[in-house]
Trainee: 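The structure's right below; bear with me while I get my questions together.
Just so we're clear, the structure is a prediction, and the values are computed from it rather than from any experiment. Counting starts at 1 for both ligands and their atoms, in listed order. Position 1 is the first residue of the sequence; numbering continues from there.
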Amino acid sequence: MCTTALDIKRVRKTFTRKERMPRPAEASRFSVRRRIKKEAVVALKDIDLHVPKGEVFGVLGPNGSGKSTLIRLASTLLLPDSGTLEIFGHDVEKDPYAVKRLINRVSVDAAFFKKFSPIENLMYAARLYGLPPSEARPRMKDIMWRLGLKESTFRQPMEHMSRGMQQKVAVARGFLTSPILLLLDEPTTGLDPHSKRDVQAFVHEIRQSHDATVLLTTHDMEEADRLCDRIAIIDDGRIIALDTPEGLKTLVPSSNGEKTTMEDVFIELTGHSFEDAEAENEEGT
Ligand SMILES: Nc1ncnc2c1ncn2[C@@H]1O[C@H](COP(=O)(O)OP(=O)(O)O)[C@@H](O)[C@H]1O
Ligand SMILES: [Mg+2]
């Protein structure tokens with residue numbers, strides 16, 4: 001088995017952003033169609049990344065820096081303009097089906113059948129992945145229990161659950177099929193502190209007990225510090241630093257005798273503060 005979970009070579013991804021131009025003042029409401037302005041946005045600028053099997057690898061970056069694009073490329077949802085991505089030796093473009101069997105993605109915008117319960121949604125996912133119900137049922141209950149979801153919620157419609165609880169079900173679904181590469185796109189964004197801890201503890205535990213590799217994006221500095229073996233800080237589509245949490249902290253000298261935190265590193269390297277990222281995220285940008 002290939003010991004490299006994720007191998008990214010010079011990957012570039014551009015999007016076209018379309019914007020409607022304002023209507024000229026002299027134009028009547030009916031006569032002139034508004035022009036559409038097209039603008040190229042380079043979301044990832046020739047990224048190189050090598051994640052060995054078994055690592056929890058964090059991608060930290062401000063909003064719009066390219067984190068989700070990276071995750072979506074690794075999960076075959078997007079194709080790169082140039083460069084290559086391989087998951088355990090399988091090219092995402094040439095061999096997407098092999099890649100899909102090895103990965104699972106959890107994102108903040110997870111979709112569910114809202115009228116159905118967590119158990120029903122997870123059973124559906126299990127069936128899609130060819131997991132027998134007799135195996136899936138105890139496994140999903142165990143995962144949901146470990147994530148701190150109460151048994152009483154297992155059978156109620158998802159639409160009656162809080163966003164935090166729905167997010168936990170999304171995480172449970174991600175782990176249900178024991179993917180060997182788990183792609184977690186901001187799995188704890190928007191969760192209350194307690195739920196956040198539950199999800200973090202679960203990722204930590206999985207890391208200890210399973211052979212899984214985890215690629216995790218977050219804008220929570222402390223989370224990255226605590227959970228990740230190595231962290232890449234990305235800004236404006238480029239990796240601007242990559243090291244272990246301790247290694248990154250050596251980049252910024254401590255001030256007033258206080259230990260350097262991951263937040264200090266982030267602010268120093270990107271010029272953004274942690275509050276910026278949180279606030280922007282709450283606005284849904
Ligand atoms: N489907 C898309 N169409 C147009 N622009 C996009 C699309 N997806 C992402 N972008 C742009 O690419 C950049 C990176 O986005 P994204 O990867 O979502 O960042 P992050 O997850 O770090 O917040 C942003 O400028 C964003 O607006
Ligand atoms: Mg994102």
Trainee: With sequence neighbours excluded, what pairs up with D264 under the salt bridge (charged side-chain N to carboxylate O under 4.0 Å, His left out) test?
Mentor: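 Here no residue qualifies.
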
Trainee: Is D7 salt-bridged to K9, cutoff N-O under 4.0 Å?
Mentor: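 Answer for the salt bridge query: yes.
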
Trainee: Check whether any heavy atom of G61 sits under 4.0 Å from an atom of ligand 1.
Mentor: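 The answer is no, since G61 has no heavy atom less than 4.0 Å from ligand 1.
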
Trainee: Judged on heavy-atom distance to atom 25 (O) of ligand 1, which of K18, E39, R17, K13 sits nearest?
Mentor: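 Residue with the shortest heavy-atom distance to the ligand atom: R17.
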
Trainee: Report, as yes or no, whether the 6.0 Å neighbourhood of atom NE2 on H204 holds more than 12 heavy atoms from other residues, nucleotides or ligands.
Mentor: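 Incorrect, the count does not exceed 12.
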
Trainee: Please report, to 0.1 Å, the donor-acceptor pairs under 3.5 Å made by any side chain of residues 76-84, with sequence neighbours excluded.
Mentor:
from, atom 1, to, atom 2, distance (Å)
D81, OD2, T14, N, 2.7
D81, OD2, T14, OG1, 2.7

Trainee: If hydrophobic clusters are built from ILVMFWY residues whose side chains come within less than 4.5 Å, do L183 and L242 share one?
Mentor: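 Looking at the clustering, L242 is in the same group as L183.
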
Trainee: For atom 19 (O) of ligand 1, state which one of P62, G66, A40 supplies the nearest heavy atom.
Mentor: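 Comparing heavy atoms across P62, G66, A40, the nearest one to atom 19 (O) of ligand 1 lies in G66.
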
Trainee: Same cluster or not: are F57 and L102 linked, directly or through other Ile, Leu, Val, Met, Phe, Trp or Tyr residues, by side-chain heavy atoms under 4.5 angstrom apart?
Mentor: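 Yes, it is one cluster - the side chains of F57 and L102 are joined through contacts under 4.5 Å.
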
Trainee: Going by atom types only, do N104 and T177 share a side-chain donor-acceptor pair under 3.5 Å?
Mentor: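 N104 vs T177: donor-acceptor pair found between side chains.
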
Trainee: Assess whether atom CZ of R10 is packed by more than 12 heavy atoms of other residues, nucleotides or ligands within 6.0 Å.
Mentor: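 No, because the 6.0 Å sphere around CZ of R10 holds 12 heavy atoms or fewer from other groups.
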
Trainee: Hey, which protein N/O/S atoms does the Mg ion (ligand 2) have under 2.8 Å?
Mentor: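 Counting only protein N, O or S atoms under 2.8 Å from the Mg ion (ligand 2), the list reads S68 OG.
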
Trainee: Would you say E39 has more than 12 foreign heavy atoms packed within less than 6.0 Å of its CD?
Mentor: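 Check passes, neighbour count above 12.
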
Trainee: I'd like to know whether ligand 1 has G237 as a neighbour, heavy-atom separation below 4.0 Å.
Mentor: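 Flag not set, G237 not near ligand 1.
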
Trainee: Taking only heavy atoms of S65, which atoms of ligand 1 are found under 4.0 Å from at least one of them?
Mentor: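 Matching atoms, with element in brackets: 19 (O), 20 (P), 22 (O).
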
Trainee: Please report, to 0.1 Å, the donor-acceptor pairs under 3.5 Å made by any side chain of residues 122-132, with sequence neighbours excluded.
Mentor:
none

Trainee: Where the closest heavy atom to atom 15 (O) of ligand 1 is concerned, which of T69, L44, L73, N63 has it?
Mentor: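 Looking at heavy atoms only, the winner is T69.
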
Trainee: Can you confirm, on distance only, whether ligand 1 has an N/O atom lying under 3.5 Å from any N/O atom belonging to R72?
Mentor: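 No, no N or O pair falls under 3.5 Å.
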
Trainee: Within ligand 1, which atoms have a heavy atom of S68 less than 4.0 Å away?
Mentor: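 By the 4.0 Å cutoff, the relevant atoms are 17 (O), 18 (O), 20 (P), 21 (O).
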
Trainee: Find all atoms of ligand 1 within a distance of less than 4.0 Å from any non-hydrogen atom belonging to A43, and give their numbers and elements.
Mentor: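 Those of ligand 1 that fall under 4.0 Å from A43 are 12 (O), 13 (C), 14 (C).
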
